[in-house]
Amino acid sequence: MKKTILTGIKPTGQIHLGNYIGAIKPALELAKVAEYRPSFFVADYHGLTKIRDADRFRQLTYGIAAAWLAFGLDPNKATLYRQSDVPEIFELNWILACFASKGLLNRAHAYKGIVESNQQSGKDLDDGVNMGLFTYPILMAADILMFKTDLVPVGKDQIQHVEIARDIAEAFNKNYGETFVLPEYQVEEETELLPGLDGRKMSKSYQNTIPLFEEPKQLQKLINKIKTDSLPPEKPKDPESSTLFTLYKEFASPVEIEAMREQYLSGIGWGEVKKELYRVMNTYLEEPREKYKELLASPKTIDEILLMGADKARTISTPFLKEIKKKIGLLA
Ligand code: ADP
Ligand code: TRP
């Protein structure tokens, strides 16, 4: 039996370096492993917790799908779909909601974070919280459990959500017997959370990102904005604690990485590092950028691929949901 790996990205902004390093790249690496069955999706209904402009929402959704494809995802080997095209997920969402204690969701970090900041600014504690945001982890549990997922490649910020999915699955299994697979997460230990231009986690929510498919000039500009310390050029620098070096490692060849490490140790100016980082990144991104632009110019092609993926996904979700409904006493 092949193991299922699955991950999703919500369409709330342009794909950025953090998404690529934290989720897309490791997921595509895992997809190459023969014993895995890979599923990737656009978590569009998760995006609705934030995006309220229909045209923008549609464009962003195409953007996430195009990014997966531009980086080489083969839709005939992996399953690529839009969450909203698989209605079984939403039916399961309700079932799982009945097994998720409110306390569990009170502790989920996105919600807790908003409550804490409301508290500090003296606002009503639930100010700005919609129920989509509060119950976000339940829908994510449905995404994962619907496909009997074994492994979820995500960035560090999503670990808690995978743990919540496990908790809910255990609660259900305890009552009805083994039904859901308990998922594991896989995080890139080495990069963990990539910092953004302001030093906080790089995130669409903070507008501190380096979008992956920027035109070369803009890419260079953004790289120049990455924060560094004020060590003078000739001073030796620690490669391991440098964001620039972390990024460099993702895009350069082993020989280039070693050469850069030595330059850090003997002293190199940040400006030089940024120039060299831009060079390797731009070379690496040239081809995917073209593919991405081509795909976005043909949304019909993207739709066809996503619908084909949804059909494939539903060959699993439809019978499994039936089985679940039987267990809870809805179907004979
Ligand atoms: P964002 O925070 O920009 O809205 P998402 O929440 O949609 O990004 O994340 C999509 C995937 O990318 C998740 O697996 C998440 O963990 C990963 N990811 C997002 N930002 C980073 C980051 N700065 N470093 C590493 N991984 C990240
Ligand atoms: N919550 C994830 C994020 O913000 C996106 C997501 C939705 C997801 N459903 C998922 C990731 C299922 C992995 C598995 O990044």
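Start at 1 and go down the list; that is how both ligands and their atoms are numbered. A quick note: this is a predicted structure, and the numbers were derived from the prediction, not measured.
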When you compare the side chains of Thr4 and Tyr36, does any donor N or O come within less than 3.5 Å of an acceptor on the partner? no

With a 3.5 Å cut-off and no angle check, do the side chains of Asp44 and Ser84 form a donor-acceptor pair? yes

Taking it one step at a time, do Lys204 and Thr209 satisfy side chain to side chain donor-acceptor pair (under 3.5 Å)? CA-CA 7 Å; Lys204 287 170 249 152; Thr209 70; over 6 Å; no

For ligand 2, the portion of [X] having any non-hydrogen atom under 4.0 Å away:
X: Ile144; answer: side chain
X: Gln158; answer: side chain
X: Val152; answer: side chain

Closer than 4.0 Å to some heavy atom of [X] - which atoms of ligand 1 meet that?
X: Lys204; answer: 1 (P), 3 (O), 4 (O), 5 (P), 7 (O), 8 (O)
X: Met202; answer: 20 (N), 21 (C), 22 (C), 23 (N)
X: Leu194; answer: 22 (C), 23 (N), 24 (N), 25 (C)
X: Ala23; answer: 11 (C), 12 (O), 14 (O)
X: His16; answer: 1 (P), 3 (O), 20 (N)

[X] bridged to [Y] by N-O distance under 4.0 Å:
X: Glu256; Y: Arg279; answer: yes
X: Glu240; Y: Arg261; answer: yes
X: Glu290; Y: Lys293; answer: yes
X: Arg58; Y: Asp55; answer: yes

Could you identify the single nearest non-hydrogen protein atom to atom 7 (C) of ligand 2 and state the distance to 0.1 Å? His46 ND1, 3.3 Å

Please write down residue, atom name and distance for the protein heavy atom closest to atom 5 (C) of ligand 2.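 That would be Gly8 O, 3.4 Å.
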
Approximate separation, where rounding is to 0.5 Å, of Leu247 CG and Lys274 NZ: 11.0 Å

Minimum non-hydrogen distance to [atom], winning option of [options]:
atom: atom 9 (O) of ligand 1; options: Asp157, Asn19, Thr209; answer: Asn19
atom: atom 14 (O) of ligand 1; options: Gly155, Ser203, Gly47, Pro195; answer: Gly155
atom: atom 4 (O) of ligand 2; options: Tyr185, Tyr136, Tyr45; answer: Tyr136
atom: atom 6 (O) of ligand 1; options: Lys10, Lys25, Arg200; answer: Lys10

What are the atoms of ligand 2, with element, lying closer than 4.0 Å to any heavy atom of Asp143?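 Atoms satisfying the 4.0 Å criterion: 7 (C), 9 (N), 10 (C), 12 (C).
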
Report yes or no: does Ile21 have a heavy atom closer than 4.0 Å to ligand 1?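 Checking ligand 1 against Ile21, which is what was asked, there is no heavy-atom contact under 4.0 Å.
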
Residue-ligand contact Glu188/ligand 1, heavy atom below 4.0 Å: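 It does not, in that no heavy atom of Glu188 comes within the 4.0 Å cut-off of ligand 1.
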
Report the C-alpha distance between Tyr264 and Trp270 in whole Å, list the side-chain angles of each, state the deciding distance to 0.1 Å, and finish with yes or no for ring pair (Phe, Tyr, Trp, His ring centres under 6.0 Å). CA-CA 10 Å; Tyr264 262 75; Trp270 293 126; 5.8 Å; yes

